[in-house]
Amino acid sequence: MATEGEPTELVKVFHLLVLSVSWGMQIWVTFVAGFVLAAGVSRHTFGLVQSKLFPFYFYGLLGSSFLNLAVYAVYHPRELLDTHEAVQMGLFFSAVVLAGLNAQWFSPAVAELMLQMQEVEREHGLGAEVGVRSNREAYSKLREQDPKYKNLRTSFFRYHGLSSLCNLLGLLCTGINLCYTALNLRTV
């Protein structure tokens, strides 16, 4: 490890704890929670729960990513970095930027568009069905009949796609950093 001072055991444990909590949170929210929730509640309830939880998730992820970057940067001065450490520093920085984009821009935009879509759906008696993939014909018909809904849906999926991409790239950054850290445990 290219460092002027060795981190204490407490700092090493803190760094690993924050990194592993970030990773676990990302895995759970990205791959498990949505599928479990979608299978058991109505479409509108699913959207409302996500719109309330995602700000906490993204800001928590932003905070943990920033802490990981800060701890790593303190013990890895830029002038002393080797190639692998520079990559890891870049990945920590990327994770902060990606979480910040989601926390500040994409997640609020998705939530606002989702609420507007739900208003239109309620007017047409939709949204109470359980499962996000149920009653596809009625939603397809609504898109054809209502240009406002079609535009909202297009914007929603654009922002949702960007948010998902940022989340997956952040997950990749955290996962690679976790691998780097595991391979270099002596020099954390």
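It should be emphasised that the depicted structure is a prediction, and the values quoted were computed from it without experimental measurement.
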Student: Is there a side-chain contact (heavy atoms from CB on, under 4.5 Å) between M117 and M114 once you walk through the steps?
Tutor: CA-CA 5 Å; M117 285 174 51; M114 182 258 327; 5.6 Å; no
Student: If I take atom NZ from residue K150 and atom OG from residue S140, how far apart are they, to the nearest 0.5 angstrom?
Tutor: 10.0 Å
Student: Taking the side chain as C-beta and beyond, is there a heavy-atom pair between E137 and N135 under 4.5 Å?
Tutor: yes
Student: Starting at OG of S64, measure out to CD of Q26 and round the result to the nearest 0.5 Å.
Tutor: 7.0 Å
Student: Listed by chain and number, what are the side-chain hydrogen bond (donor to acceptor under 3.5 Å, both in side chains) partners of T30, not counting sequence neighbours?
Tutor: N167
Student: So how far is it from L178 CG to Q88 CD, rounded to the nearest 0.5 Å?
Tutor: 9.5 Å
Student: Quick one: CD on E112 to CG on L152, what's the gap to the nearest 0.5 Å?
Tutor: 9.5 Å
Student: Indicate the atoms forming the closest heavy-atom contact of L69 with F92, along with that distance.
Tutor: CD1-CB, 3.8 Å
Student: At their closest point, which heavy atom of L126 faces which heavy atom of H44, and how far apart are they?
Tutor: O-CE1, 3.3 Å
Student: I'd like to know if the side chain of E129 and the backbone of G127 have a donor-acceptor N/O pair within less than 3.5 Å.
Tutor: yes
Student: Go through N177 and N68 one step at a time and tell me if the side-chain contact (heavy atoms from CB on, under 4.5 Å) criterion holds.
Tutor: CA-CA 10 Å; N177 274 326; N68 281 321; over 6 Å; no
Student: Taking only residues two or more places apart in sequence or in another chain, which ones pass side chain to side chain contact (heavy atoms under 4.5 Å, CB included) with F35?
Tutor: none
Student: Following the transitive rule for hydrophobic clusters with a side-chain heavy-atom cut-off under 4.5 Å over Ile, Leu, Val, Met, Phe, Trp and Tyr, establish whether F14 and V21 coincide in one cluster.
Tutor: no
Student: Please tabulate, for the side chains in residues 95-107, all donor-acceptor contacts under 3.5 angstrom to protein atoms that are two or more places apart in sequence or on a different chain.
Tutor:
{"unit_1": "N102", "atom_1": "OD1", "unit_2": "S163", "atom_2": "OG", "d": "2.6"}
{"unit_1": "N102", "atom_1": "ND2", "unit_2": "S163", "atom_2": "O", "d": "3.1"}
{"unit_1": "Q104", "atom_1": "OE1", "unit_2": "Y59", "atom_2": "OH", "d": "3.0"}

Student: Would you kindly say whether Y180 and E85 are connected by a side-chain donor-acceptor distance under 3.5 Å?
Tutor: no
Student: With a 4.5 Å cut-off on side-chain heavy-atom distances among I, L, V, M, F, W and Y, is there a chain of contacts connecting F93 to L81?
Tutor: yes
Student: Roughly how far, to the nearest 0.5 Å, is OG of S65 from CG of L19?
Tutor: 9.0 Å
Student: Do L168 and L62 sit in the same hydrophobic cluster, where Ile, Leu, Val, Met, Phe, Trp and Tyr count as joined when their side-chain heavy atoms come under 4.5 Å apart?
Tutor: yes
Student: L171 vs W23, test: side-chain contact (heavy atoms from CB on, under 4.5 Å). Steps then yes/no.
Tutor: CA-CA 7 Å; L171 175 70; W23 174 251; 3.6 Å; yes
Student: Atom NE2 of H15 and atom CG of L17: how far apart are they, to the nearest 0.5 Å?
Tutor: 11.0 Å
Student: How would you list, by chain and number, every residue that makes a side chain to side chain contact (heavy atoms under 4.5 Å, CB included) with A73, sequence neighbours excluded?
Tutor: M89
Student: Can you hop from L165 to Y159 via hydrophobic side chains spaced under 4.5 Å?
Tutor: no
Student: To check you understand the geometry: which heavy-atom pair defines the closest contact between F156 and V110, and what is its length?
Tutor: CE1-CG1, 3.5 Å
Student: Checking side-chain contact (heavy atoms from CB on, under 4.5 Å) for the pair Y72/T181: CA distance, chi angles, key distance, verdict?
Tutor: CA-CA 10 Å; Y72 195 81; T181 302; 5.9 Å; no
Student: So, using side chain to side chain contact (heavy atoms under 4.5 Å, CB included) as the criterion, who are the partners of V36 when residues are at least two apart?
Tutor: V32
Student: More than 12 non-hydrogen atoms from neighbouring residues, nucleotides or ligands closer than 6.0 Å to OH on Y149, yes or no?
Tutor: yes
Student: Group every Ile, Leu, Val, Met, Phe, Trp and Tyr by side-chain heavy-atom contacts under 4.5 Å, then state whether V120 and F157 land in the same group.
Tutor: yes
Student: Side chains of H124 and D146, heavy atoms from C-beta outward: is any pair under 4.5 Å?
Tutor: yes
Student: Whether R153 engages the ring of Y139 as a cation-pi pair (distance to the six-membered ring centre under 6.0 angstrom, angle to the ring normal within 45°) should be assessed.
Tutor: no
Student: Kindly write out the residues that satisfy side-chain hydrogen bond (donor to acceptor under 3.5 Å, both in side chains) with E123, not counting sequence neighbours, or none if the list is empty.
Tutor: none
